[in-house]
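Comments concern the structure below.
None of these values were measured; they are calculated from a predicted model. Chain naming here is simple, since letters A, B, ... match the order of the sequence lines and numbering starts at 1 in each.
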Amino acid sequence: ETGVTQSPTHLIKTRGQQVTLRCSSQSGHNTVSWYQQALGQGPQFIFQYYREEENGRGNFPPRFSGLQFPNYSSELNVNALELDDSALYLCASSLDRGAYNSPLHFGNGTRLTVT
Amino acid sequence: GQNIDQPTEMTATEGAIVQINCTYQTSGFNGLFWYQQHAGEAPTFLSYNVLDGLEEKGRFSSFLSRSKGYSYLLLKELQMKDSASYLCAVNSNSGYALNFGKGTSLLVTP
């Protein structure tokens with residue numbers, strides 16, 4: 001069973017640039033959720049994708065967008081990067097949308113630094 | 001709003017027992033999760049409670065009281081490898097998102 005994989009592991013960008021982060025879900029999982037984890041904080045929900053459609057969104061501006069592909073892999077895109085976007089971005093996959101009956105399986109994350 | 005509180009740091013001795021508390025105030029409740037996160041690694045699922053009571057899984061147990069908005073994670077026979085951050089997370093009305101606390105950093109000393 002292949003776990004959740006994310007790429008790249010680390011990334012440095014300049015304020016105002018755009019970034020794309022990638023995630024491959026665990027085998028058999030059809031739902032992908034993205035979380036942002038600032039240093040010393042718990043993960044904050046960005047959005048969730050189920051069957052290639054956005055299924056829910058947290059309190060993040062529209063410059064955070066995403067995609068899910070037919071193989072259930074996913075991308076997170078962030079435009080017009082700001083210094084506060086510096087964080088660990090975690091991708092989590094699960095079976096079906098309901099977080100209450102399907103534990104999230106997290107990848108190791110992408111560490112984004114915006115300078 | 002959603003409010004989930006847990007202690008920032010705890011220290012315990014190898015072989016001992018430690019209890020990490022979590023209190024929550026959320027709009028709705030569909031279950032509470034505990035995750036373990038080692039530095040630089042992914043959070044890993046430990047336990048899930050949706051009904052009141054104690055769920056035991058090896059050295060780890062988790063308790064829930066919905067009327068009190070309270071949970072704890074109990075770690076027995078502590079090992080050095082248990083040094084990590086422990087995240088309490090609640091699934092509220094949305095059904096699809098978890099609301100995480102800031103995490104409790106546990107240090108296990110010899």
[atom2] on [Y] to [atom1] on [X], rounded to 0.5 Å:
X	Y	atom1	atom2	result
B:Leu87	A:Gln37	CG	CD	6.5 Å
B:Asn99	A:Gln44	CG	CD	8.0 Å
B:Glu41	A:Phe106	CD	CZ	14.0 Å

When you look at [atom1] of [X], are more than 12 heavy atoms from neighbouring residues, nucleotides or ligands closer to it than 6.0 Å?
X	atom1	value
B:Glu77	CD	no
A:Lys13	NZ	yes
A:Ile12	CD1	no
A:Asn59	CG	no
A:Arg15	CZ	no
A:Arg51	CZ	no

Chain A contact via B:Gln6 - which portion, at a heavy-atom distance below 4.5 Å: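 Neither part; nothing is under 4.5 Å.
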Non-hydrogen atoms of chain B under 4.5 Å away: do they reach the side chain of A:Arg57, the backbone, both or neither?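 Backbone only.
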Side chain, backbone, both or neither: which part of A:Phe47 has an atom under 4.5 Å from a heavy atom of chain B?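 When you check distances to chain B, no heavy atom of A:Phe47 falls under 4.5 Å.
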Can you get from [X] to [Y] by hopping between Ile, Leu, Val, Met, Phe, Trp and Tyr side chains that sit under 4.5 Å apart?
X	Y	result
B:Tyr24	B:Leu73	yes
B:Leu64	B:Ile20	yes
B:Met10	B:Met80	yes
A:Trp34	A:Tyr50	no
A:Tyr72	A:Leu76	no

Evaluate the side chain to side chain contact (heavy atoms under 4.5 Å, CB included) criterion for residues B:Phe33 and A:Leu104: first the C-alpha distance (whole Å), next the side-chain angles of each, then the deciding distance (0.1 Å), finally the verdict. CA-CA 10 Å; B:Phe33 294 78; A:Leu104 299 179; over 6 Å; no
Measure the shortest side-chain to side-chain distance between B:Tyr35 and A:Pro43 over non-hydrogen atoms and say whether it is less than 4.5 angstrom.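 Side-chain contact under 4.5 Å: no.
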So which residues of residues 78-92 of chain A are in contact with chain B at a heavy-atom cut-off of under 4.5 Å?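 Listed by number: A:Leu88, A:Leu90.
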Do you know the tightest heavy-atom contact between B:Ala42 and A:Asn108?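 Answer, listing the atom of B:Ala42 first, then A:Asn108: N-OD1, 3.1 Å.
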Looking at the rings of B:Phe100 and A:Phe45, which for Trp means the six-membered one, are their centres under 6.0 Å apart?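 No: the rings miss the under 6.0 Å criterion.
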